[in-house]
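Start at 1 and go down the list; that is how both ligands and their atoms are numbered.
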Amino acid sequence: MTLVSTTTAPDPRQRLAAGAGRPAAQQPAWPDRAALDEAVATLASYPPLVFAGECDVLRERIAAVARGEAFLLQGGDCAETFASATADNIRDRVKTILQMAAVLTYGASVPVVKVGRMAGQYAKPRSSTEETREGVTLPAYRGDMVNDFDFTQAARTPDPQRLVRAYHASSATLNLVRAFTTGGFADLRHVHDWNKGFVANAANARYERLAKDIDKAMKFMNACGADFEAMRTTEFFSAHEALVLDYERPMTRVDSRTGDLYDTSGHFVWVGERTRDLDGAHIDFVASVRNPVGIKVSATADTDDLLRIIDKVDPRREPGRLTFITRMGSGRIREALPTIVEKVTASGASVTWVCDPMHGNTFESASGYKTRDFDDVVEEVEGFFEVHRALGTVPGGIHVELTGNDVTECIGGSERILDADLNLRYESVCDPRLNHQQSLELAFLVAEMLNQD
Ligand SMILES: O=C[C@H](O)[C@H](O)COP(=O)(O)O
Ligand SMILES: C=C(OP(=O)(O)O)C(=O)O
């Protein structure tokens with residue numbers, strides 16, 4: 001892929017420029033136009049973070065997910081921060097995802113497509129444009145790509161230089177992820193090592209037993225003369241919400257092979273529940289790029305609206321192109337999802353269904369923390385499987401906010417985290433994440449659900 005098209009056809013970037021006039025929700029109020037233009041120009045001059053061919057591979061993998069031949073595992077921080085883009089944090093998140101994938105692959109005999117909510121997840125849509133603390137009102141924190149979490153006027157003022165910092169942090173993250181996943185660290189023969197460094201607990205002990213079984217199977221295959229080359233590395237893709245269009249547009253490039261546009265900020269990008277307006281700039285943006293894309297779908301989504309989004313984003317009905325990430329809440333999924341799935345299926349659309357059991361299950365605890373109950377998370381995934389089984393459609397994967405760290409942000413799980421424990425290690429700057437143990441527990445439970453076929 002080159003940065004500049006060599007064809008004489010009209011420049012496909014005109015398509016992007018045309019979309020720029022559409023209304024865009026949840027965009028930062030940049031105070032300095034010249035500084036923004038400079039940051040956007042800088043981003044446009046930088047190399048792509050991912051390559052078009054990799055996005056095509058992911059589209060094929062997601063097409064296999066839609067056929068029920070693989071399972072999609074998307075996970076990572078609610079909001080990455082520049083300060084937390086450290087080697088240890090990145091390694092532990094990758095290890096957690098690799099462990100979950102090992103549990104799913106071994107436990108349910110299904111290939112797992114691994115996608116990190118990583119290397120670009122630096123922007124957040126907010127319910128309110130402002131935040132008030134003790135009588136002081138400031139702009140809401142919108143992610144490190146936009147402003148800083150500190151509660152001061154200077155920190156909360158959007159700064160376009162942060163777009164450039166987000167690029168560099170994503171680049172460094174992706175570089176390490178690529179090193180981990182292709183440099184030997186992800187070799188299935190190291191399945192035990194991924195558990196090292198995590199505190200001893202029930203989920204880790206259960207994982208240790210599974211790792212022993214995998215080890216045994218590998219030794220058996222080795223003795224039979226199996227070729228382990230394919231297991232030395234693993235595919236690992238990056239994903240984030242395509243929210244701040246002043247970041248996504250300059251990162252969008254023309255693929256010299258095809259003349260098509262690709263958003264090179266990540267392999268997979270999604271449009272959130274708050275920005276998926278049919279005539280808005282976000283849907284127009286993802287319609288213009290060839291990456292596999294996702295759309296968040298809540299329990300209140302209008303099915304006709306979704307059908308129009310499908311027509312716009314995936315007019316060719318291309319397998320793997322469009323994923324609906326449903327996030328309905330444990331109490332509503334069984335009532336809201338069936339009609340949507342039925343009508344979408346009846347329309348002949350080619351959509352991959354993935355369950356986000358986090359965003360419909362957030363509440364404020366009695367002690368004032370934004371949290372989620374592990375039981376609600378599990379309940380929503382169960383509802384997702386039940387609905388798809390009843391309709392004969394494919395429950396393709398899960399999309400979860402998680403960390404490899406031992407945080408206390410979601411209540412429940414076998415550690416029985418209580419409201420009173422939330423203040424111990426509540427580190428998220430936005431929404432609560434599953435900790436390492438809760439993530440592994442979820443993977444074991446999902447493997448059981450997959451096995452019920
Ligand atoms: O991650 C999703 C949203 O950005 C988040 O839930 C918004 O949180 P808020 O309602 O506190 O703004
Ligand atoms: C904001 C998010 O989700 P949703 O759009 O579903 O609320 C998210 O996944 O970070």
Side-chain angles (χ1 to χ4, degrees), residues 24-28 72-81 115-133 137-147 149 151 156 166 238-244 247-248 266 268-277 280 282-283 285-286 293-301 305-306 309 323-330 332-333 336-337 340 353-365 368-372 376-377 380-381 384 397-403 409-410 426-434:
Q26 299 279 345
Q27 299 306 287
L72 184 71
L73 173 62
Q74 279 190 332
D77 279 332
C78 166
E80 293 178 282
T81 63
V115 182
R117 256 180 87 106
M118 289 173 90
Q121 183 54 21
Y122 286 102
K124 297 305 297 175
R126 300 310 303 253
S127 311
S128 169
T129 54
E130 292 176 331
E131 184 184 344
T132 301
R133 290 188 201 171
T137 299
L138 294 175
Y141 171 67
R142 289 189 170 275
D144 271 19
M145 182 186 284
V146 176
N147 55 6
F149 187 65
F151 197 70
R156 289 294 172 95
S238 67
H240 64 270
E241 177 169 354
L243 180 65
V244 176
Y247 181 74
E248 306 302 335
F268 178 100
V269 288
W270 74 86
V271 178
E273 171 66 13
R274 293 169 179 79
T275 50
R276 59 169 174 73
D277 172 19
H282 292 88
I283 290 296
F285 173 74
V286 292
V293 298
I295 308 287
K296 291 289 197 89
V297 176
S298 74
T300 57
D305 208 26
L306 295 177
I309 288 178
T323 298
F324 276 174
I325 307 169
T326 61
R327 33 86 87 211
M328 306 200 154
S330 59
R332 302 194 64 187
I333 184 158
L337 185 59
I340 292 178
W353 299 98
V354 166
C355 175
D356 164 358
M358 313 299 290
H359 286 87
N361 292 312
T362 318
F363 65 96
E364 189 175 316
S365 75
Y369 281 96
K370 224 177 168 189
T371 191
R372 291 158 176 155
D376 291 339
V377 169
E380 177 151 359
V381 183
F384 174 78
I398 55 170
H399 176 121
V400 275
E401 288 183 338
L402 60 79
T403 169
E409 296 172 3
C410 292
Y426 197 103
E427 294 169 11
S428 177
V429 287
C430 194
D431 283 350
R433 304 158 295 175
L434 298 180

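Minimum heavy-atom separation, P432 to K370: CG-O, 3.5 Å.
Judged purely by distance below 3.5 Å, without hydrogens or angles, the side chains of H282 and E241 never pair a donor atom with an acceptor atom. A donor atom on one side chain and an acceptor atom on the other are not found under 3.5 Å apart for R327 and H399.
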Would you mind writing out a table of all protein N or O atoms found under 3.5 Å from any N or O atom of ligand 2, naming both atoms and giving the distance to 0.1 Å?
{"unit_1": "ligand 2", "atom_1": "3 (O)", "unit_2": "K296", "atom_2": "NZ", "d": "2.8"}
{"unit_1": "ligand 2", "atom_1": "5 (O)", "unit_2": "E273", "atom_2": "N", "d": "2.8"}
{"unit_1": "ligand 2", "atom_1": "6 (O)", "unit_2": "K296", "atom_2": "NZ", "d": "3.0"}
{"unit_1": "ligand 2", "atom_1": "6 (O)", "unit_2": "R327", "atom_2": "NE", "d": "2.6"}
{"unit_1": "ligand 2", "atom_1": "7 (O)", "unit_2": "R274", "atom_2": "NH1", "d": "3.2"}
{"unit_1": "ligand 2", "atom_1": "7 (O)", "unit_2": "R327", "atom_2": "NH2", "d": "2.8"}
{"unit_1": "ligand 2", "atom_1": "9 (O)", "unit_2": "R117", "atom_2": "NH1", "d": "2.9"}
{"unit_1": "ligand 2", "atom_1": "9 (O)", "unit_2": "K296", "atom_2": "NZ", "d": "2.6"}
{"unit_1": "ligand 2", "atom_1": "9 (O)", "unit_2": "H359", "atom_2": "NE2", "d": "3.4"}
{"unit_1": "ligand 2", "atom_1": "10 (O)", "unit_2": "R117", "atom_2": "NH2", "d": "2.9"}
{"unit_1": "ligand 2", "atom_1": "10 (O)", "unit_2": "K124", "atom_2": "NZ", "d": "2.6"}

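Considering backbone and side-chain N/O atoms, S128 never comes within less than 3.5 Å of an N/O atom of ligand 1. Where the criterion is an N or O separation shorter than 3.5 Å, residue side chain and backbone included, P125 meets it with respect to ligand 1.
When hydrogens are left out, the protein atom nearest atom 10 (O) of ligand 1 is S127 OG, 2.3 Å; that is the closest non-hydrogen contact. At the top of the distance list for atom 8 (O) of ligand 1, counting protein heavy atoms only, stands K370 NZ, 2.8 Å.
In terms of modelled atom types and a separation under 3.5 Å, the side chain of D144 and the main chain of T81 share no donor-acceptor contact. Between the side chain of Q74 and the backbone N or O of V115, no donor-acceptor pair lies under 3.5 Å.
Considering each of L243, T362, D431, the one bringing a non-hydrogen atom nearest atom 2 (C) of ligand 1 is D431.
Looking at residues two or more places apart in sequence or on another chain, you find a side chain to side chain contact (heavy atoms under 4.5 Å, CB included) between S330 and N361, D376, E379, E380.
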